[in-house]
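Structure first, then comments.
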Amino acid sequence: APISVVALLVIWVLPDRDTAPTKAMSRLLLAFFAVSVAWPDYLALQLPGLPWISFRRLFLLPTILVLLICVSTNAAFRKDIRETLNAEPLIWKFLAGFVVMQFLSIAGAPSPAAAIKNFVNYQLAWPGIFFASAYVFRNIDIAQRFLKIFFMATMMVGLIAILETMNVGVLWRDHVPSFLQVDLETMTGTMTSAMRNGLYRAKSVYGQPLPFAEIMAYSTPVILYFIFTAKNLWAKIVLIGLDLLLVYVLTLPQSRLGMIGYLISHALFIGVWSGRIWLRNKYSLMGPMITLSYPLAVIALAGAVMTVGPLREKVMGGGDTLNSDQARKQQKRSAAGVILSNPVIGHGPRQAANVLGFVAYGRVTLDNYFLWIALDYGLIGFGIYYGLFLIVIHRMFMISIRDIDRNNNMALVALTTFASFVMIKAVLSEEDNHSMIFMMLGFAMAIIWREKAKQAEQAPDTSSKPHFVR
């Protein structure tokens, strides 16, 4: 901690320069994202005499360090980031409000030391990544590169899951070098094969099947983006094939949340895309045809989900998920009183499960992230956190239907991702993919800035018109 304080002070007193290392920040940010998605976080550097260092941290810390240097030493950078954030001030204000609630919640934590540690980690991985992304993704070509990396990384993760299922175990289980092995308990837990009803549950590069299903669900809008924007027919056919293959991949972790995210993404993305065509091209038959048939399609899908046994089990669950459903109901009943015991500031960052004390399968657990946020940060923190995402969802929807260009198409990706995120968090409390969500939040902030700049360029110039005084 003292070294960190000294480093921050040194950065603070650095003199202003004409240039900032923004290219380095862009590369580090994209590398951090790729590692976060495609590298097992439990395989970390274990050097003699040192604590183990995850590969995420190897890229996260330099990214934040370069961001701070840019802010401290370059006036143009400060102007640009301020301009980007003020394109929609509610977003950064809600985020700042949430950080304040995170800090205040430490006072209610049963373990203040653990709460402070979690608070610091969150600031690096969430707001820190958000601010870096908001600046980096101002460049639409880098934003496009981010989506390509997202696509390629998740396809690789999905392929690993297919091979892992065929192997009935983690592929590198018996091949991890000693310098990448962390503590025995962690390695044993993550390398153990997870089974349900005698079937293997794939987890790919993740420690558990559920975060793997979550990231694959978030990849759905990205695949749809490339399908709808591809100019080559064969590229569209290949991408559609990968989209269908994703359905199979989402069955491998045997988790409903992945399939729910997949269906939500398709319904929202295709619905908004077709509605936008109808609004923007009055001579197109495709837009109104798809839009008007949508209610029938939704009814047919809902009917299939309710009546077709295998599909119902994949989306709604069956007998093998009964224990999970009952556990979530019990958690909701137990959480109400605990939330009201400290409704203003909550019980501290990442303290919810221990405070609630619900035990399943021999360990303390809490599945619902809505409850987790309310327990950690109180009802005010809950309102600010989910209010932030509702604001972004609204802004992305309004931008996505406004026009048909690359920026508006990217807004549709962000809209679909955040809608899927909010739904998935009703049944998943793990935070493995939250850095990606805050990176997507910065992605959305840059979209808003570009849209505002585009509108300013398209606005008629009235400066040369005569003004009449009455």
Side-chain angles (χ1 to χ4, degrees), residues 11 16-30 32-33 60 63-100 123-147 149-150 384 387-400 402-403 405-415 417-418 434-459:
I11 293 172
D16 261 23
R17 301 175 57 190
D18 294 334
T19 59
T22 55
K23 286 186 179 179
M25 185 171 69
S26 300
R27 291 168 183 159
L28 286 167
L29 180 69
L30 294 178
F32 166 72
F33 171 73
L60 172 62
T63 301
I64 302 304
L65 179 63
V66 174
L67 170 66
L68 293 175
I69 291 172
C70 290
V71 172
S72 176
T73 63
N74 190 261
F77 181 91
R78 294 192 293 270
K79 176 180 175 295
D80 288 343
I81 195 72
R82 189 185 308 116
E83 183 182 84
T84 305
L85 297 176
N86 285 331
E88 179 49 86
L90 275 179
I91 293 177
W92 73 261
K93 289 179 180 178
F94 266 67
L95 180 58
F98 179 65
V99 171
V100 170
Q123 303 323 303
L124 296 174
W126 295 359
I129 287 297
F130 164 75
F131 288 119
S133 302
Y135 179 85
V136 167
F137 295 141
R138 283 162 55 101
N139 185 324
I140 197 168
D141 292 328
I142 297 180
Q144 180 83 2
R145 196 181 310 157
F146 163 64
L147 294 180
I149 293 172
F150 199 159
I384 294 173
L388 168 64
F389 287 103
L390 291 178
I391 290 169
V392 177
I393 287 172
H394 174 260
R395 292 293 287 120
M396 291 300 97
F397 175 75
M398 297 306 296
I399 292 175
S400 65
R402 186 171 291 154
D403 203 350
D405 66 11
R406 190 157 57 148
N407 194 55
N408 301 92
N409 295 340
M410 288 180 178
L412 186 49
V413 174
L415 163 67
T417 302
F418 290 127
H434 280 211
S435 287
M436 186 280 295
I437 290 297
F438 278 84
M439 188 176 294
M440 188 63 75
L441 197 62
F443 180 85
M445 192 78 254
I447 289 171
I448 297 171
W449 172 79
R450 285 197 299 269
E451 186 67 17
K452 190 173 181 179
K454 182 176 71 175
Q455 288 181 326
E457 289 178 1
Q458 294 174 348

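Being a predicted model, the structure only gives us computed values, none of them experimental. Any value given below was found using the heavy atoms of this structure, including those in side chains, with hydrogens, waters and symmetry copies removed.
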Problem set entry | Result of checking L65, T22, T19 against C70 for side chain to side chain contact (heavy atoms under 4.5 Å, CB included) |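 Of the listed residues L65, T22, T19, the side chain to side chain contact (heavy atoms under 4.5 Å, CB included) partner of C70 is T22.
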Exercise. Per the side chain to side chain contact (heavy atoms under 4.5 Å, CB included) rule, which among L67, T84, D80 passes with Y135?
Worked result: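 Of the listed options, the one satisfying the test is D80.
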Problem set entry | Sidechain-backbone polar pair: N86 side chain, P89 backbone, donor-acceptor under 3.5 Å |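 The answer is no, because no donor-acceptor pair under 3.5 Å joins these two groups.
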Problem set entry | Flag, side chain of S400 to backbone of M396, donor-acceptor distance under 3.5 Å | yes
Exercise. Is D16 salt-bridged to R78, going by a charged N under 4.0 Å from an acidic O?
Worked result: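 Answer for the salt bridge query: yes.
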For this session: Indicate yes or no: does E457 engage K454 in a salt bridge with an N to O separation below 4.0 Å.
Result: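 No, this pair does not count.
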Validation row: [X], [Y] side chains within 4.5 angstrom (heavy atoms):
| X | Y | result |
| --- | --- | --- |
| N408 | E451 | yes |
| M410 | F146 | no |
| L388 | I91 | yes |
| R138 | E83 | yes |
| M439 | F150 | no |
| F32 | S435 | yes |
| L30 | I142 | yes |
| I64 | F131 | no |

Exercise. Between F438 and F389, what is the ring plane arrangement, given parallel below 30°, perpendicular above 60°, and tilted in between?
Worked result: perpendicular
Exercise. According to the interplanar angle, ranging from 0 to 90°, do the rings of F443 and F137 count as parallel (below 30°), tilted (30 to 60°) or perpendicular (above 60°)?
Worked result: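 Ring orientation, 0 to 90° scale: perpendicular.
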How many angstroms lie between atom [atom1] of [X] and atom [atom2] of [Y], to the nearest 0.5 angstrom?
| X | Y | atom1 | atom2 | result |
| --- | --- | --- | --- | --- |
| N407 | Q144 | CG | CD | 11.0 Å |
| R406 | N409 | CZ | CG | 10.0 Å |
| I391 | I448 | CD1 | CD1 | 9.5 Å |
| L29 | L60 | CG | CG | 10.0 Å |
| N139 | R145 | CG | CZ | 7.5 Å |
| L412 | I447 | CG | CD1 | 9.5 Å |

Exercise. Any chance CZ of R402 has more than 12 other-residue heavy atoms, nucleotides or ligands included, within less than 6.0 Å?
Worked result: yes
Exercise. If you draw a 6.0 Å radius around CZ in F397, do more than 12 non-hydrogen atoms from other residues or ligands fall strictly inside?
Worked result: no
Identify the two heavy atoms, one from [X] and one from [Y], that lie closest to each other, and give their separation to 0.1 Å.
| X | Y | answer |
| --- | --- | --- |
| A411 | I399 | CB-CG2, 3.8 Å |
| F33 | I149 | CD2-CG2, 3.9 Å |
| F77 | V71 | CE2-CG2, 3.5 Å |
| T63 | A132 | CG2-CB, 4.3 Å |

Exercise. Applying salt bridge (Lys or Arg N to Asp or Glu O under 4.0 Å), which residue pairs with at least one partner in residues 84-99 are found, sequence neighbours left out?
Worked result: E88-R395
